[in-house]
Amino acid sequence: MIEYVKTYIQKASVTNSDGLVIRTYPVKETIEDFGIYCKDVPFKMYGEAKDFSKTDFRDEDGVECHFPAVLKMKDYEIEIEFAYKGAKNSANAAIKNFLDYLTGKDGTGTSLSIYNTYTRIGRQHIRFLSIDDEVTFYRDYQGTDEDLLIFKIKFNVCDPTTEITLSK
């Protein structure tokens, strides 16, 4: 099997009405904590700029633009490819556990920070959008008495510019 690098995920801290942190969550590593290998994390160094103020006068050529000192970036979607390899008939429970974590069904919230050690890019305020219907799934993969499942999950990167680093 291909050698995979580590991908770290952490849930956002919970704060009270005064902004004080009342709960933090541990950093999880996808292989160690879920048995899930990350095949591809297409984080962007820079995304697409947001539109800025402009006025289009009918009696003038072009448009009159307001040029801000710094361009603001749009949020974007990414699709991360994951793989699971484990004992025969274990894939369903492992994937459900991983999806429960990503969607907050485990009681830890839905705001994620993700850092990939290969791209060395990490972002915060990421949310789960969907899991692709098309998966590659083998029970008793190549006679090894193991399950192999390859799947893609789509996320929305709400904060496209804040760089973060996670480790255990």
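What you are looking at is a predicted structure, and each value in this text was computed from that prediction instead of being measured.
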Fill in: Candidate list Lys39, Lys154, Lys152, test salt bridge (Lys or Arg N to Asp or Glu O under 4.0 Å), partner Glu81, passing option
Lys39
Worksheet item: Does Lys88 pair with Asp147 as a salt bridge, N-O distance under 4.0 Å?
Response: no
Item to complete: Please report the closest heavy-atom contact between Phe52 and Cys65, naming both atoms and the distance.
Response: CE1-CB, 3.9 Å
Practice prompt. Heavy atoms only: give me the nearest Thr119-Val41 pair and the separation to one decimal.
Written response: CG2-O, 3.5 Å
Discussion item. Run the side chain to side chain contact (heavy atoms under 4.5 Å, CB included) test on Asp33 and Tyr101 for me, step by step, so that the C-alpha distance in whole Å, both residues' side-chain angles and the decisive distance to 0.1 Å come before the verdict.
Written reply: CA-CA 11 Å; Asp33 294 301; Tyr101 175 75; over 6 Å; no
Worksheet item: Rounded to the nearest 0.5 Å, what separation is found between the OH atom of Tyr118 and the CG atom of Asp40?
Response: 10.0 Å
Response to the item:
Between Ile131 and Ile153, the two heavy atoms sitting closest are CG1-CG1, 4.2 Å
Worksheet entry | Check ion pair Glu29-Lys6 (N to O, under 4.0 angstrom) | no
Worksheet item: Is the closest basic N to carboxylate O distance between Asp75 and Arg127 below 4.0 Å?
Response: no
Worksheet item: Are the ring centres of Phe98 and Tyr84 closer than 6.0 Å?
Response: no
Item to complete: To the nearest 0.5 Å, tell me how far Lys54 NZ sits from His66 NE2.
Response: 13.5 Å
Discussion item. Between Arg123 and Asp159, is there a side-chain heavy-atom distance shorter than 4.5 Å?
Written reply: no
Fill in: Ile121, Leu166, Thr7 screened by side chain to side chain contact (heavy atoms under 4.5 Å, CB included) with Tyr115, the one that passes
Leu166
Response to the item:
Closest non-hydrogen contact found for Ile164 with Ser113 is CD1-CB, 3.9 Å
